[in-house]
Number of protein chains: 2
Amino acid sequence: MKNKPTMKEVAKAAGVSWPTVSYVFNNSRRVSDKTREHVLNTALELGYTPDIMARGLATSRSYTIGILFNEFNFSTSIPIIAAIEEAARSYNYRLVLALQGREPKEAMLDLQDLTARRMDGIIFVSSTDNLDPAIVEALGAARIPILLAYTSPPNLAMVDSVLPDHVQGGLIATRHLLSQGRRRLAFIGSDENNNATRKRVAGFLRAHEEMQVEYDPAMIVYGEYTAPSGREAARNLIASHRPDAIFAADDNIAVGALQACQAAGMKVPEDIAIVGFDNSALCDIILPTITSVAMPFDKIGRLCLERMIYRLQQPDDWKPEQTILPCSVVSRETS
Amino acid sequence: MKNKPTMKEVAKAAGVSWPTVSYVFNNSRRVSDKTREHVLNTALELGYTPDIMARGLATSRSYTIGILFNEFNFSTSIPIIAAIEEAARSYNYRLVLALQGREPKEAMLDLQDLTARRMDGIIFVSSTDNLDPAIVEALGAARIPILLAYTSPPNLAMVDSVLPDHVQGGLIATRHLLSQGRRRLAFIGSDENNNATRKRVAGFLRAHEEMQVEYDPAMIVYGEYTAPSGREAARNLIASHRPDAIFAADDNIAVGALQACQAAGMKVPEDIAIVGFDNSALCDIILPTITSVAMPFDKIGRLCLERMIYRLQQPDDWKPEQTILPCSVVSRETS
DNA sequence: CTGAAAGCGCTTACAG
DNA sequence: CTGAAAGCGCTTACAG
């Protein structure tokens with residue numbers, strides 16, 4: 001394995017001074033066209049490409065954003081990271097991935113490690129709207145721009161955040177069902193301490209108020225984000241309250257609910273409609289296909305990255321900001 | 001935002017020479033316990049942590065592995081990357097993620113960018129066993145250790161590779177069905193050019209030979225890795241050949257096949273058994289739950305990382321190696 | 001328009 | 001056991 005050529009070697013080969021090569025590659029000062037072309041050509045021949053880390057040492061810019069995330073979560077963190085990556089690519093930035101350790105202490109170390117690697121900034125991508133306090137504390141100590149994706153900090157003063165509007169998501173899902181003439185809606189969430197569930201149920205309630213439809217508090221039940229949990233909750237609801245529609249706080253719950261309806265001999269959507277949340281791949285695979293609320297992961301990711309870049313470019317023009325982006329209903333066969 | 005303290009400042013504050021701090025942090029030479037402790041304490045107070053990039057410049061080791069991948073694929077690349085990340089963490093390495101551009105030229109640039117960032121090595125995580133020739137060529141030109149995950153290069157001379165044994169996976173899936181007394185097995189794959197499908201069907205055939213059961217070539221059909229495709233293929237097979245078991249080359253196909261069986265009024269597994277491939281989350285969500293072949297992603301990821309580290313530590317003791325790891329059958333309700 | 005020099009934050013032989 | 005110096009590959013004022 002040959003070594004990578006350095007700037008010096010290129011300069012020598014091209015017969016120019018050493019910094020000239022730097023100037024050519026950075027367009028950082030006028031260089032005669034002839035020299036520029038000559039340098040570029042020799043660089044190409046030698047297979048030279050500037051060492052980004054050495055440049056980073058000199059400029060204290062690494063063109064790398066650290067992504068700290070707490071879970072390989074296919075329905076939230078991965079789609080957001082994918083969107084960040086795509087945006088980063090177009091700005092010629094790279095991502096360093098760091099999975100957050102389970103222990104609070106580890107989280108601190110992860111952050112330290114990231115800053116020790118000269119990240120220009122760090123985006124923390126949470127898979128849940130419930131932020132771990134240890135992380136908040138650790139983030140506060142970082143000396144570089146920090147941004148939160150999918151969740152917001154308890155104290156808005158420190159960092160930017162970009163997240164989906166769970167309340168509005170719950171609102172439009174419920175409106176969707178009510179506007180189809182459904183009147184006995186059930187809500188199945190995860191546990192009551194889950195912020196996303198809380199916001200989604202808030203939207204559920206608001207839609208009822210808005211359209212002046214009464215709801216039955218007994219039809220709002222909690223469990224966890226899994227199909228079996230949704231199955232059981234739906235089975236009980238069907239037996240006791242005969243809902244004509246179910247709004248599930250999550251697609252896994254929705255699948256479970258669908259299965260329970262079918263097992264109870266109910267036709268979907270004729271006898272009962274179902275709407276999920278996440279708009280995951282599941283929704284198209286299961287039959288009947290499942291109507292679901294889509295969160296704007298692409299926009300969240302892109303906005304996170306763009307805001308980060310802006311902050312890096314205009315370090316002075318900054319005050320913490322929280323952006324909440326709307327969801328949309330994707331209609332399929334269960335409603 | 002205060003700046004990060006440097007080694008110099010720590011040295012000053014601790015009243016020791018500048019390199020002494022370095023020696024303490026690297027354990028690279030004997031330092032008196034008193035000095036060591038004193039240095040460590042002041043470092044802690046100041047919040048000092050060594051700059052890994054500056055260290056990288058001096059040592060040409062960045063303790064960072066570049067991960068080049070071609071798709072955020074939830075059933076293959078992401079699980080492998082997750083396993084690599086976990087292993088990397090235990091070795092105090094970090095991962096830089098780079099999604100490979102669609103165009104061959106972009107792939108080259110991605111690789112260059114990774115080497116320009118002083119990655120110690122690069123692991124290419126493919127989501128398919130069909131390797132893009134442009135990538136192979138680009139990899140050949142890299143000047144650092146390269147390793148392929150999930151796929152192997154056409155020319156084994158250049159790089160290491162670690163991949164699952166698709167043939168053995170097909171073999172055990174088929175054995176599993178045959179040993180349950182099934183005798184009219186169908187195989188539904190993706191297209192015939194897909195290497196994974198080809199290997200899996202080879203295992204299907206071998207199992208039949210091994211157990212001296214005849215198979216009907218008309219029951220080996222191709223489509224794509226989606227539920228609708230599996231649905232249609234299964235519907236046709238059921239109408240024309242009445243299989244008593246279906247081995248699907250993919251879980252999505254398996255779900256489609258299951259749906260077709262149910263639509264045709266067949267009981268699963270009584271009338272017909274189904275085995276998928278990937279052991280994805282789907283298998284536990286769908287009812288009946290789906291028996292599937294699990295690929296050893298954890299082992300693949302860990303082995304990739306460990307081999308990479310070994311190569312970095314023992315650069316001389318290396319010849320290219322291909323490792324093929326066995327799959328296992330995870331029994332569920334469809335068989 | 002171009003060259004010579006200092007510095008980014010580290011490591012590591014070289015002396016003592 | 002510890003210090004002073006050179007170097008990793010770049011960038012960027014400072015001169016000319």
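In what follows, chains carry the letters A, B, and so on, assigned in the order in which the sequence lines appear, proteins first and then strands, with residues in each chain numbered from 1. Note: hydrogens, waters and symmetry copies are ignored here, and every other heavy atom, side chains too, is used.
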Query raised in the report: Contact class for S60(A) (heavy atom, under 4.0 Å): base, sugar-phosphate, or nothing?
Result: nothing
Report summary line: Pairing partner of dA13(D), by Watson-Crick or G-U wobble and under 3.5 Å for both distances, is none
Query - Summary of protein contacts for nucleotides 10-16 of chain C, nucleotide by nucleotide, where a base hit scores B, a sugar-phosphate-only hit scores S (4.0 Å, heavy atoms) - result: BBBBB--
Requested in this report: Mind calculating the distance between CG (L46(A)) and C1' (dG9(D)) to the nearest angstrom?
Outcome: 15 Å
Report task. Answer with base, sugar-phosphate or nothing: what part of the nucleic acid does R118(B) contact at a heavy-atom distance below 4.0 Å? Result -> sugar-phosphate
Requested in this report: Could you tell me whether the phosphate oxygens of dA4(C), OP1 or OP2, come under 4.0 Å of any side-chain nitrogen or oxygen in S17(A)?
Outcome: no
Query raised in the report: In terms of the angle between their ring planes, are F297(A) and Y150(A) parallel, tilted or perpendicular, with boundaries placed at 30° and 60°?
Result: tilted
Query raised in the report: M53(B) versus L57(A): any side-chain heavy-atom pair under 4.5 Å?
Result: no
Query raised in the report: With distance as the sole test, does S22(A) use its side chain to make a donor-acceptor pair with the main-chain N or O of W18(A) at under 3.5 Å?
Result: no
**Report entry** Gap between atoms CZ and P, on R61(A) and dG9(C) respectively (whole Å)
**Finding:** 16 Å
Tabulate below the donor-acceptor pairs under 3.5 Å that side-chain atoms of residues 298-309 of chain A make, not counting sequence neighbours, or state none.
unit_1, atom_1, unit_2, atom_2, d
R307(A), NH1, T323(A), OG1, 3.0
R307(A), NH2, T323(A), OG1, 3.0

Query raised in the report: How is R36(B) classified with respect to the nucleic acid when contacts are heavy atoms under 4.0 Å: base, sugar-phosphate, or nothing?
Result: nothing
Query raised in the report: Do the side-chain N and O atoms of S152(A) and Q322(A) include a donor-acceptor pair separated by under 3.5 angstrom?
Result: yes
Query raised in the report: Does T20(B) place a side-chain N or O at less than 4.0 Å from the phosphate oxygens OP1/OP2 of dG3(D)?
Result: yes
Report task. Look through every strand shown and name the nucleotide pairing with dA4(D) as Watson-Crick or G-U wobble, where both distances are under 3.5 Å. Result -> none
Report task. Give a yes or no answer on whether the side chain of N70(B) reaches the backbone of S127(B) with a donor-acceptor pair at less than 3.5 Å. Result -> yes
